[in-house]
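Here's the structure we're looking at; comments come further down.
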There are 2 protein chains.
Amino acid sequence: MVEKTPTVYDVAEMAGVSIATVSRYFRNPDAVRESTRERVGQVVRDLGYVPSGSARGLAARRTGTVGVCFPSFDDVDRIDARRLGAGPPVRVRVDTDAHQDTGSDLYIAEVVRGTEIEAWRHGFAVMIAVPRGAAAHNVVEGLAGRVDGLVTLARAIDPDQLAHISRRIPVVMVAGPRDGDVYDHVTANNHGGMVALTDHLITEHRLTRLEFVGGPEDSPDAQVRFEGFTEAMLLAGLGVPERPIARSDFTRVGGRETGRLLLAERRLEGIDGLVCANDQSALGILDELTAAGVRVPQDLAVTGFDGIEASNVSTPRLSTVRQPMVELGRLAVAQLLRRLAEPMTEPSTRVLGVEVLLRDSCGAHATSTP
Amino acid sequence: MVEKTPTVYDVAEMAGVSIATVSRYFRNPDAVRESTRERVGQVVRDLGYVPSGSARGLAARRTGTVGVCFPSFDDVDRIDARRLGAGPPVRVRVDTDAHQDTGSDLYIAEVVRGTEIEAWRHGFAVMIAVPRGAAAHNVVEGLAGRVDGLVTLARAIDPDQLAHISRRIPVVMVAGPRDGDVYDHVTANNHGGMVALTDHLITEHRLTRLEFVGGPEDSPDAQVRFEGFTEAMLLAGLGVPERPIARSDFTRVGGRETGRLLLAERRLEGIDGLVCANDQSALGILDELTAAGVRVPQDLAVTGFDGIEASNVSTPRLSTVRQPMVELGRLAVAQLLRRLAEPMTEPSTRVLGVEVLLRDSCGAHATSTP
DNA sequence: TTGTACGCGTTATCAA
DNA sequence: TTGATAACGCGTACAA
């Protein structure tokens, strides 16, 4: 990095060819005679030449990059407070707390992984961004200017800004319902999954007094799941709560707060099941119930939604609805590239199937797998 | 996206200003008179104008993006085989297998999260790439051409190619030792952590017949951990295995295979502790030991390394060494930006402290936290 | 198979 | 405070 970064011109000159040939060397090597190809290749190595993505993007009018935008549930301030690299080289301590939260959102991590895989398959790079803080708009605008298309999780981008940038690049929304908007959507069958799960609690486990723990007010997914819950209750002829018994913020820490609140106010008495809007909330609540001596599922059934790995190894293991997270990401990118190729087709909505996973937190099951 | 994407020229013309003023509107709004600023802003909104990142990058000679490169342990082919969006809308099944592996690597996810946070704090975007498959070189080259600097996990990039691209942009390596190379490094105290953990097994739990389960042959971290293990054994005057009793590939699935192998060949008899090179391997082995009726830690102690969340909720909870994964990512980016500002300083190596977490898989502890 | 020449959409430097 | 204009590094017709 001491040297001035070489350009096509430098390579061309040293190899005794034109810049067009250097360009061909990278984009279409077969169109270059072998002897020239070797000569160019040698110079490229000697000079440490790497083509400029900016110049390429400008000239070709496409960046070969897809953007992925997602909301942040992590507490950056708290992480920020942790001084970088502080602490002794090795610290040894007995760790008795099974309930720490790393703060990472597995659901998002899996979706992002899916986008990366599909992008990779098509030779695209992935640029990620989290619009948080005061500069959220700049983050999104910067991203939109640098990519050929954008995948965004619901609620990550301000709707007005989304409308603005979608005039420049196609946008695919992951999760969240279409409310008359014009974007492509990829989502999972939240409604059906929640109906089936709730129905299972009612039909198989004979639970009648169920309550719902909601998510953030503005989460369409949480809303749809609540509707699925009430629908199943209605169909079974049971009394339907008008609203969630509590709301959590989709984090495990938030779930624990909710759990403490419900316990402290004795609002769980007479309830035989707690249907939660997502896994992390359910796990947080589970933490507190266990700590308080409430037996799950004997005293109270608890269920989640998403199917993150943590739900599979909790004690008790959490019954939940698994969303195909990696596939959501993959399909979003696939749809994005499709639209890049065919801009004028109608906006599409793709609803992926879900899987109700019956484990231990909702009650006992026969051990035979159908 | 029907409309032709507008440029500075379009905005300038409609607002009755020069392109320079439009550029100022974005880069230094205060240098524009308020009345003109409003006029330009209005046109920007009307037109749906978003500045081109490629053009910016070309003109400014910096992209405002950092690249993050990491290896892939996921089996893309298997994921690929899963047909996109296949399956019924809702499937219900009893899920008795507590040992599924989602395939996601939490360690990497956390490091990436750290890079994103630090990049965000400095107004940088993050581009991720996984050099896998035949086109691995292209992936890396494309990334290198599109970013101002690169953070890479050890082993993600072919050394020759790394040397090549590092002539264009600064590179910071995460994990892995410096072997006389010229990059900045950010790593954790693998050696010290493993010494302390092994010493704990020997001193506190009086274990004498320990074996080490290694990682991939080419993983320097795995190698260093093995050395830490042998060092502690030596210091205690115990017999030192010349090599790991087995090697796993850092995945849980691989760990299970290793576990089955060791059980089938009865190579665990006479052993009282299994020190594993990382958490995922340890968890996989734990899965198999539990299934085979081996009691951990009574019959056999097992330990991991990394401190991923899964290690905290396994049964039994896994004693391990926690690396500060988010901080590794953050510090890597911080160092990258520092070098971008000061290119000529000496390559630095930063070793972050680790934490030995004593939980249940190594034996009982007093419940007091020091 | 190779070369010429123009355009891509910004930033930044000077002048005005 | 604003404008004219020269880079920036590459892709790509088109021509040779």
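Every chain is numbered from 1, with letters handed out A, B, ... down the list of sequences. All values below were derived from every heavy atom in this structure, side-chain atoms included, with hydrogens, water molecules and symmetry-related copies excluded. Note that the structure is a prediction, hence the values are computed from the model and not measured.
Rounded to a whole Å, the OH atom of Tyr25(A) is 17 Å from the C1' atom of dT1(C). When the C1' atom of dC8(C) is taken as reference, atom NZ of Lys4(B) falls 11 Å away, rounded to whole Å. At whole-Å resolution of the value, CG in Asn28(A) and P in dT1(C) are 10 Å apart. Note: CG (Asp30(A)) to P (dT1(C)) measures 9 Å, nearest angstrom. Distance, Glu34(A) CD to dT1(C) P: 11 Å, rounded to whole Å.
Residues of residues 50-68 of chain B that place a heavy atom closer than 4.0 Å to DNA chain D, in numerical order, are Leu58(B), Ala59(B), Arg61(B). The stretch residues 8-21 of chain A comes close to DNA chain D through Val8(A), Tyr9(A), Ile19(A), Ala20(A), each having a heavy atom under 4.0 Å from the strand.
Counting only distance, with no hydrogens or angles, the side chain of Arg56(B) and the backbone of Arg146(A) share no donor-acceptor pair below 3.5 Å. Distance alone, capped at 3.5 Å, places no donor-acceptor pair between the Trp120(B) side chain and the Ala125(B) backbone. Under a 3.5 Å cut-off, the side chain of Gln161(A) and the backbone N or O of His137(A) do form a donor-acceptor pair. In this structure, Asp148(A) contributes its side chain and Thr63(A) its backbone to a donor-acceptor pair below 3.5 Å. At least one donor-acceptor pair closer than 3.5 Å links the side chain of Arg37(B) to the backbone N or O of Val32(B).
Arg24(B) comes within 4.0 angstrom of a base, heavy atoms only. Counting any heavy atom pair closer than 4.0 Å across all strands shown, Tyr49(B) reaches sugar-phosphate atoms only and no base atom.
For DNA chain D, the contact window with chain A, defined by any atom under 4.0 Å from a protein heavy atom, covers dG9(D) to dT12(D) in 5' to 3' order.
Residue order along DNA chain D, read from the 5' end via each residue's closest nucleotide, puts Arg33(B) first among Arg33(B) and Val22(A).
Taking Asn28(A) as the reference, nothing meets the side chain to side chain donor-acceptor pair (under 3.5 Å) condition, with sequence neighbours excluded. Remark: Arg339(B) engages Asp184(B) in a salt bridge (charged side-chain N to carboxylate O under 4.0 Å, His left out) (not counting sequence neighbours).
Atom CD1 in Ile165(B) sits 7.5 Å away from atom CG in Leu143(B) (nearest 0.5 Å).
Within the structure, ring-ring contact (aromatic ring centres under 6.0 Å, His included) contacts touching residues 26-61 of chain A (residues at least two apart or in different chains) are Phe26(A)-Tyr49(A).
Checked by atom type, the side-chain pair Gln42(B)/Arg39(B) shows no donor-acceptor distance below 3.5 Å.
With salt bridges taken as basic N to acidic carboxylate O contacts below 4.0 Å, none links Arg330(A) and Glu327(A).
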